[in-house]
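Here is the naming used below: chain letters follow the sequence lines, and residue numbers restart at 1 for every chain.
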Amino acid sequence: MLTILIDGIAYGMLLFVMAAGLAVTLGLMNFVNLAHGAFAMIGGYVTALAMNRLGMPFLLTLPFAFLVPALVGVVAERLLYARLYRRSHLDQVLFSIALVFMAMAGTDWLLGSGQQLITLPGWLQGRFEVFGVGIGRYRAFLIVICAALVVGLQLILGRTRFGARLRAAVDDQRAARGLGINVGGIFAATFAVGSGLAGLGGALGIEMMGLDPTFPLKIMVYVLIVVTIGGTASLTGPFIAALLIGTADVAGKYYLPELGAFLIYLVMILLLILRPQGLIARAR
Amino acid sequence: MSAALQTIALEKRFGGLIATDKVSLTLEHGARHALIGPNGAGKTTFVNLLTGVLPANGGQILLDGNDITRKSQIQRARLGLGRTFQINQLFGAMTPVESIGLAVSERMGGGRDFWRRVGTRTDILDEITGLIERFRLTEVMDHPTRLLPYGKQRLLEIALALASNPRVLLLDEPAAGVPEAERGELLETLAQLPRDVSILLIEHDMDLVFAFAERITVLVNGALFADGTVSEIMSDPRVQAVYLGSDAHA
Amino acid sequence: MSDTTLSHPATAARPDAGQRASRDLLRRGRLKPAEIVFWLATAASFFLLPDRHLLLSEIVILGLFALSLDLIIGYAGVVSLGHGAFFGLGAYVAGLVSVHLTGEPLTGLILAALAAGILGLATGPLLLLRASDLTRLMVTLGVAMLLLEAANRAAWLTGGADGLQGVTINPLLGRFEFDLFGTTAYAYCLIVTFALFLLARRVVTSPYGLSLLAIRDNALRARSMGIPVGPRILGIYAFSALIAGVAGALLTQTTMFVSLDVLAFHRSADVLLVLVLGGVGYLYGGLIGAIAFKLLQDWFSAITPQYWMFWMGLVLMVIVLIGRDNLNALPRTLMRRLRREDRA
């Protein structure tokens with residue numbers, strides 16, 4: 001029971017790390033980006049390839065799993081996304097679906113359609129017991145890393161000048177521009193960090209979620225669910241939503257395997273009926 | 001006989017901020033009534049409360065004596081509360097004929113009709129032509145709305161509201177942004193609005209208010225500040241103080 | 001029509017204005033020459049390409065499916081990522097009817113349409129909860145995924161991952177056997193699609209259709225005019241679902257097979273692409289897009305067999321970046337130029 005809870009929390013934390021960037025960019029630019037999972041996939045492949053082909057140790061690959069997608073993100077944002085901020089949501093959906101298709105087919109083309117497997121270092125394998133509860137070492141590692149990231153994100157948003165500017169831009173873009181804030185620059189920086197975080201999440205998640213060219217599509221649904229029910233007013237909403245979805249998914253697969261992914265969609269639709277404004281509603 | 005539109009101690013709060021402070025206002029039948037006030041006096045919030053865009057925190061709204069406080073925007077419109085918008089809210093891809101035709105057909109219960117072809121009911125067609133001519137849209141009636149000159153769009157904005165045959169019409173700054181050359185046409189059209197429609201004009205253009213209104217209500221800081229005939233309000237020293245004061249700042 | 005307007009006293013005084021108004025209102029409903037050409041060409045394809053009937057059936061089914069999506073995207077402004085739910089439901093209902101009830105094709109078609117329409121009516125209110133596009137995307141996607149999972153789990157009914165076995169379809173109207181070359185199938189698909197197209201055309205050019213355009217253009221204004229936005233959107237959503245269900249049923253009946261693939265996410269994504277290829281909001285987009293989609297798919301598959309999705313994605317991306325409006329305006333601009341040259 002507790003083991004499942006901890007698995008669920010680890011999974012939820014991972015989802016949050018992947019979804020955080022999407023929540024911020026959606027709140028900031030009102031851009032429906034279905035291709036966020038593609039950046040997570042890039043991070044995953046960076047780690048998998050670096051480990052399997054270059055023989056790099058797992059931990060050392062993680063900074064690259066952040067940096068490479070962040071770089072790709074900033075280029076894509078400036079070259080492509082920035083042109084579509086003022087377009088209809090239909091255009092944004094079409095564009096990002098096209099990106100997902102291209103990322104999936106392109107990865108398949110270049111790297112094959114097989115699952116990427118990695119071998120975790122010994123100290124992250126197996127499980128340990130606390131008060132008779134078995135906890136996977138890797139799960140604990142995930143929780144610690146992701147919790148650190150969550151705290152770090154909150155500090156950046158809450159305490160730094162960049163965070164203040166970002167919040168101002170989310171609240172009221174025009175007013176922020178009037179105050180001389182470089183909103184375009186903030187967009188790009190946020191997009192880069194969000195993509196980097198997604199990539200890091202993708203790398204950390206190989207062990208739990210697997211990694212193959214269909215990853216962007218698989219993760220898209222989960223990440224969007226987190227953002228939709230969490231809302232984009234703050235990061236707290238998506239965080240709670242991610243924990244809820246993660247736990248529900250793990251518990252559902254354990255206790256009601258015959259339902260499969262049914263449960264997650266049901267939870268999402270029910271939450272949307274009960275809290276149409278998101279878990280934490282934006283103040284009007 | 002009850003008033004055309006009446007609010008009783010209408011109240012709206014945003015958090016700790018009181019946007020509409022127990023406003024009681026009466027709009028008589030056939031009235032030409034102006035609601036004025038300095039910027040930030042809460043005029044827009046008040047209109048949003050009347051039309052149901054925002055829910056009220058307290059008080060009542062009566063339309064012809066019927067309580068509409070809890071009714072939706074759509075229900076209020078169907079009960080005969082029409083409005084125009086401060087910023088044009090038109091159907092850019094449709095022509096004036098189509099837009100007005102839609103409003104007329106909705107009123108005559110044609111909006112659910114999914115089988116008849118548009119433009120085959122002569123009663124609707126007559127109404128459309130009448131409105132098109134009254135609002136001087138004849139020339140441009142079959143042009144896409146988004147290509148019309150601003151003044152024509154402003155006229156269409158009012159024509160659309162009138163096409164629903166409202167008993168009460170809220171005009172939200174009808175002349176806002178209209179260039180001087182097209183202004184005269186608009187004012188004339190306003191003066192010719194049918195007398196059986198009771199009109200509340202929300203405006204801060206005082207020339208238009210004096211030309212149009214017979215009665216004036218002044219809103220300051222969300223509360224009712226003064227209410228009376230045009231001459232009463234004009235000679236009220238408190239109103240002058242507020243207006244001169246705010247004008248000096250503006 | 002013009003006679004009655006003229007005889008009416010009010011318009012008689014100003015026949016000119018009345019006539020212009022009436023002409024403008026009738027404009028959308030008028031049958032244009034290009035439309036007649038389009039349908040004549042479609043009918044001709046039946047006789048001119050006798051060895052391609054199987055492929056043509058596929059195209060028509062895809063086109064009908066995309067047409068149903070156009071009704072909600074182009075006419076109600078609702079973006080859906082889960083339209084495949086209705087297609088898949090229609091496909092399964094048609095299959096199950098043939099296995100358990102009767103092989104008579106029209107019965108299966110009608111039951112499939114009803115089932116999909118009812119699902120549309122039942123899930124439509126979810127779209128109205130919070131009219132944000134993201135919520136609508138997620139709700140439509142969620143419903144489609146729920147259905148896929150349900151079909152996957154209910155293997156006793158649907159055959160699960162192996163597909164539904166034993167679908168057999170009786171001759172159409174008791175006379176026309178569904179042959180191996182797909183001739184009956186293509187004729188059947190064409191007639192059903194044409195009939196539904198006429199129905200859809202009638203609906204979107206009615207006062208109801210005009211009110212949908214108004215809602216899409218400016219929901220705020222529509223509401224203040226007293227147009228009941230929710231029920232109107234619900235109505236077209238259910239109608240669109242019904243047509244998608246028919247498209248699904250046609251697929252099952254003409255291929256005599258149905259599997260989980262009909263409910264997969266890529267169906268919903270593909271149909272969106274098809275519609276965008278052909279253009280949104282004028283009913284022909286779905287049909288034209290289906291032809292373009294199949295041609296492109298053929299072409300890309302010839303270049304790089306497994307990775308045609310990459311090129312399709314690229315095409316879609318370029319379309320969006322150039323701007324759909326600019327592309328849609330292209331034929332009209334060309335026509336205008338040609339005409340001007342004619343006159344010169």
So, taking the atom named OG1 in Thr135(C) and the one named CG in Leu128(C), what distance separates them when rounded to the nearest 0.5 Å?
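It comes to 11.5 Å.
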inquiry  = If we ignore hydrogens and angles and just use 3.5 Å, is the side chain of Asp142(B) paired with the main-chain N or O of Asp24(C) as donor and acceptor?
reply    =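 Flag not set: sc Asp142(B) to bb Asp24(C) has no pair under 3.5 Å.
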- State whether the side chain of Arg78(B) and the backbone N or O of Gly226(C) hold a donor-acceptor pair below 3.5 Å, judged by distance alone.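 The answer is yes, because a donor-acceptor pair under 3.5 Å joins these two groups.
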With a 4.5 angstrom heavy-atom cut-off, which part of [X] approaches chain C: side chain, backbone, both or neither?
X         : result
Ala163(B) : neither
Gln75(B)  : neither
Ile128(B) : side chain

Worksheet item: Taking the six-membered ring where the residue is Trp, are the ring centres of Tyr75(C) and Tyr237(C) under 6.0 Å apart?
Response: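 Ring centres of Tyr237(C) and Tyr75(C) not closer than 6.0 Å.
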### Message
I need the residue from Arg23(C), Met225(C), Arg216(C) with the largest number of non-hydrogen atom pairs under 4.5 Å to chain B.
### Response
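Greatest number of close heavy-atom pairs with chain B: Met225(C).
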Heavy atoms from other residues, nucleotides or ligands near CG of Leu31(C) exceed 12 (cutoff 6.0 Å):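 More than 12 within 6.0 Å, yes.
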What do the steps show when you test Asp64(B) against Arg167(B) for salt bridge (charged side-chain N to carboxylate O under 4.0 Å, His left out), and what is the final call? CA-CA 9 Å; Asp64(B) 256 337; Arg167(B) 285 182 285 178; 2.5 Å; yes
Inter-chain contacts: residues 91-99 of chain B against chain C, heavy atoms under 4.5 Å:
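Residues of residues 91-99 of chain B touching chain C at under 4.5 Å: Phe91(B), Gly92(B), Ala93(B), Met94(B), Thr95(B), Val97(B), Glu98(B), Ser99(B).
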Taking Phe197(C) as the fixed residue, which of Phe38(C), Tyr282(C), Trp39(C) is the one that meets the ring pair (Phe, Tyr, Trp, His ring centres under 6.0 Å) rule?
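The passing option is Trp39(C).
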* So which part of Arg28(C) gets closer than 4.5 Å to some heavy atom of chain B, the side chain, the backbone, both or neither? ->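 When you check distances to chain B, only side chain atoms of Arg28(C) fall under 4.5 Å.
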Subject >> Contact check, side chains of Glu203(B) and Lys43(B), non-hydrogen atoms, under 4.5 Å >> reply: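 Glu203(B) vs Lys43(B): side chains apart.
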